[in-house]
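Whatever order the structure lists ligands and atoms in, that order sets their numbers, starting from 1. Just the heavy atoms: all of them, side chains too, but no hydrogens, waters or symmetry mates, feed the values below. The structure displayed is predicted, hence computed values, not measured ones.
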Amino acid sequence: MSDQSNNCSSCGEMNEGSCSGEKCSPPPKLYPGGQSKISRVIAVMSGKGGVGKSSVTALMAVNLRRMGYQVGILDADITGPSIPKMFGVKRVPANAQGLLQPAVSKGGIRIMSLNLLLEREDEPVIWRGPIIASAVKQFWTDVNWGELDYLLVDMPPGTGDVPLTVIQQIPVDGIVMVTSPQDLAVMVVKKAVRMAGIMEASLLGFVQNMAYITCPKCGEKFELFGKALQKGDTLDGLPVLEVLPIDTEFTKLCDTGMVEEVKTNAFEDIPNLVKVKRQVS
Ligand SMILES: Nc1ncnc2c1ncn2[C@@H]1O[C@H](COP(=O)(O)OP(=O)(O)OP(=O)(O)O)[C@@H](O)[C@H]1O
């Protein structure tokens, strides 16, 4: 197998495929649906599954909304969507022009997810990669997002069709990488960092999730999965944007569709890192 230095930076193909490894034409960026005006797109990514991409997406969305921004979430985790349950939102209808209307959470966050289109939330989606990637594209092109300051894209795990499609065809302004402290997780997440580098995407930094748990009785911190970092540290050459503890209250809020009730000030730096194109009062 070729090593990563043989990947084409435009299409991500290996040299042995149709691409020569020199500059090829990547697929064009797509326009968002209807009259949508989306100022900034931030993708939340990780090579590793289950480290907290959806949780980080939800926390970031909740806090950006509290800061007064118009926020949407595109749930690109087509086969394992968890955003609708966390926000307690249900099915959405198509409007007259055939565009999909995003669901709107209690706090006003606009959400599109495959689970909003299924009759039952536990119905499995058994699709091959290209069909899944095409559904993600439609969540960008066929959804009436309206005017948004930030659209957050909750990516599925891995470095396959969906991350490739999102980075190539949606104008992503920055990627937040999520990992747990475990070396095993970091090793896999580094693959996603390399992928973003090959695709010449802008990496904002890391979130270390599940860094520790605090004993509710004595207040002692236990680092269950390895060494907890500090906000501002560097990991794999990137800044650590947030270090999040394991929080059982947060888990309960997610399970009951009340994630917007979470007490946190995480991600308050995001508007400085990715500035929107309007003044927010
Ligand atoms: N900081 C946290 N404190 C407590 N529970 C958490 C935390 N982060 C994530 N969880 C829980 O861990 C599980 C996995 O989190 P989440 O779904 O956000 O991960 P993911 O990376 O998006 O998963 P997938 O790879 O399946 O898409 C969920 O049940 C979530 O509620």
Sub-4.0 Å atoms of ligand 1 with respect to non-hydrogen atoms of [X]:
{"X": "Met210", "answer": "8 (N), 9 (C), 10 (N), 12 (O)"}
{"X": "Ser55", "answer": "8 (N), 9 (C), 10 (N), 15 (O), 16 (P), 18 (O), 30 (C)"}
{"X": "Pro245", "answer": "1 (N), 2 (C), 3 (N)"}
{"X": "Thr251", "answer": "4 (C), 5 (N)"}
{"X": "Gly50", "answer": "14 (C), 19 (O), 20 (P), 21 (O), 23 (O), 24 (P), 25 (O)"}

task: Have a look at Leu229 and tell me which of Thr234, Thr179, Leu235 forms a side-chain contact (heavy atoms from CB on, under 4.5 Å) with it.
output: Leu235
query: Do Asp236 and Arg194 sit within salt-bridge range, that is, some charged N less than 4.0 Å from a carboxylate O?
result: yes
message: Looking at Lys231, I want to see if its NZ is surrounded by more than 12 non-hydrogen atoms of other residues, nucleotides or ligands under 6.0 Å.
response: yes
message: I'd like to know whether ligand 1 has Pro157 as a neighbour, heavy-atom separation below 4.0 Å.
response: yes
- prompt: Just going by heavy-atom distances, which of Asn209, Asp247, Ile213, Thr248 is nearest to atom 7 (C) of ligand 1?
  reply: Asn209
- prompt: Nearest to atom 17 (O) of ligand 1 by heavy atom, Cys254, Gly80, Ser82, Gly49: which?
  reply: Ser82
- prompt: Going by atom types alone, do Ser39 and Asp149 pair a side-chain donor with an acceptor below 3.5 Å?
  reply: no
query: Does the protein put a heavy atom under 4.0 Å from atom 5 (N) of ligand 1?
result: yes
